[in-house]
Amino acid sequence: MAASLWAAVGGSAPFWICVTLGCYMVATTLSNAAGRHPLVNPVLITVLMVMGSLLATGTDYQTYADGTHIITFLLGPATVALALPIRDNLHHVRAALLPLAAALIAGSCTAAVTAVGFAYMFGLDGTVLASLAPKSATAPVAIAVSQTLGGIPTLTAGMVIVTGVTGAIVVTPLMTLLRITDWRAHGFATGVAAHGVGTARALQINPIAGAFAGLGMGLNAIATGFVAPWALGLFQ
């Protein structure tokens with residue numbers, strides 16, 4: 001009876017959507033209780049909880065992905081909505097166009113070259129290199145670039161998550177260590193290096209940082225389409 005019930009419920013979209021949202025609610029509660037400490041990152045906690053749920057139930061990733069397709073779809077509108085804080089801070093953006101352009105080029109090139117370069121040093125093959133090159137772009141763009149380059153989309157998606165969570169965790173202590181107090185620089189660097197997860201963290205910290213993080217994420221998504229093939233070509 002229990003097996004039949006699980007067979008009917010375990011593969012259904014509403015079930016895994018509820019699991020994902022429930023895990024995120026718990027993770028957000030823990031993050032708020034910890035004063036939004038960078039180590040108590042709600043995205044990281046949610047990923048770990050969902051992974052635990054999949055392992056405990058013996059559910060394969062494809063079943064989960066099919067069941068939560070609507071959440072993946074909503075990433076698009078959520079990303080577009082980041083234009084609102086950019087609009088509200090447009091005067092700050094206009095005042096820093098040249099530094100932003102330089103930071104975008106430096107950040108995008110560094111992200112792609114270091115990822116591919118370190119992988120090449122460890123003797124990984126070209127398919128893996130292609131999968132890592134776009135890791136700092138937002139997931140839909142990174143996966144599309146990876147497919148174009150002959151990479152493995154699932155590996156790229158995993159590395160995008162790791163990059164974003166790592167960036168969200170280290171950004172605040174790193175900026176403090178480097179004594180960077182300009183919220184524009186803080187946010188833009190976060191968006192370029194750690195895409196949506198980093199941008200979410202920046203929005204929690206400061207509205208100007210959040211606006212510039214959204215701008216950095218969007219511009220780096222465009223830049224990655226050009227930089228990733230170039231970086232991959234350097235090591236082939």
Side-chain angles (χ1 to χ4, degrees), residues 1-34 36-79 115 118-119 122-170 194-201 204 217:
M1 180 66 179
S4 300
L5 180 62
W6 173 249
V9 175
S12 67
F15 176 77
W16 286 111
I17 290 174
C18 290
V19 169
T20 304
L21 296 180
C23 289
Y24 185 74
M25 290 175 65
V26 172
T28 302
T29 301
L30 293 174
S31 178
N32 290 336
R36 294 184 175 179
H37 191 281
L39 290 178
V40 190
N41 185 275
V43 175
L44 174 60
I45 296 173
T46 302
V47 169
L48 294 176
M49 292 177 68
V50 170
M51 286 175 59
S53 300
L54 295 177
L55 291 173
T57 59
T59 304
D60 62 87
Y61 173 75
Q62 191 58 52
T63 299
Y64 172 78
D66 292 341
T68 55
H69 176 72
I70 184 63
I71 296 178
T72 305
F73 170 78
L74 290 174
L75 284 174
T79 302
F118 279 114
F122 283 100
L124 299 178
D125 62 36
T127 303
V128 176
L129 299 185
S131 304
L132 296 178
K135 68 171 181 59
S136 287
T138 187
V141 174
I143 291 172
V145 172
S146 174
Q147 290 175 324
T148 301
L149 297 177
I152 307 169
T154 51
L155 175 59
T156 301
M159 290 308 302
V160 167
I161 294 173
V162 171
T163 300
V165 171
T166 303
I169 291 174
V170 306
H195 51 81
V197 183
T199 298
R201 175 61 181 169
Q204 291 180 338
M217 181 186 73

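Both backbone and side-chain heavy atoms feed into the values below; hydrogens, waters and symmetry mates do not.
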Donor-acceptor pair, distance only, cut-off 3.5 Å: does the side chain of Ser31 make one with the backbone of Asn41? no

To the nearest 0.5 Å, what is the distance between [atom1] on [X] and [atom2] on [Y]?
X: Arg36; Y: Thr28; atom1: CZ; atom2: OG1; result: 9.0 Å
X: Phe118; Y: Leu129; atom1: CZ; atom2: CG; result: 13.5 Å
X: Met25; Y: Cys18; atom1: CE; atom2: SG; result: 10.5 Å
X: Ile169; Y: His37; atom1: CD1; atom2: NE2; result: 10.0 Å

Are [X] and [Y] side-chain neighbours, meaning at least one heavy-atom pair lies under 4.5 Å?
X: Thr57; Y: Trp16; result: yes
X: Val47; Y: Val165; result: no
X: Tyr64; Y: Thr20; result: yes
X: Asp125; Y: Val128; result: yes
X: Met159; Y: Leu155; result: yes

I need the minimum non-hydrogen distance between [X] and [Y], along with the two atoms involved.
X: Ser136; Y: Thr163; answer: OG-CG2, 3.9 Å
X: Ala168; Y: Gly198; answer: CB-CA, 4.4 Å
X: Ala27; Y: Pro42; answer: CB-O, 3.4 Å
X: Val160; Y: His195; answer: O-NE2, 2.7 Å

Kindly write out the residues that satisfy side chain to side chain contact (heavy atoms under 4.5 Å, CB included) with Val170, not counting sequence neighbours, or none if the list is empty. Thr166

When you look at Ile161 and Val197, which way does the side-chain contact (heavy atoms from CB on, under 4.5 Å) test go after all the steps? CA-CA 8 Å; Ile161 294 173; Val197 183; over 6 Å; no

Return a table of donor-acceptor pairs under 3.5 angstrom between the side chains of residues 145-152 and protein atoms on other chains or two or more places apart.
| from | atom 1 | to | atom 2 | distance (Å) |
| --- | --- | --- | --- | --- |
| Ser146 | OG | Thr156 | OG1 | 2.7 |
| Thr148 | OG1 | Ala144 | O | 3.0 |

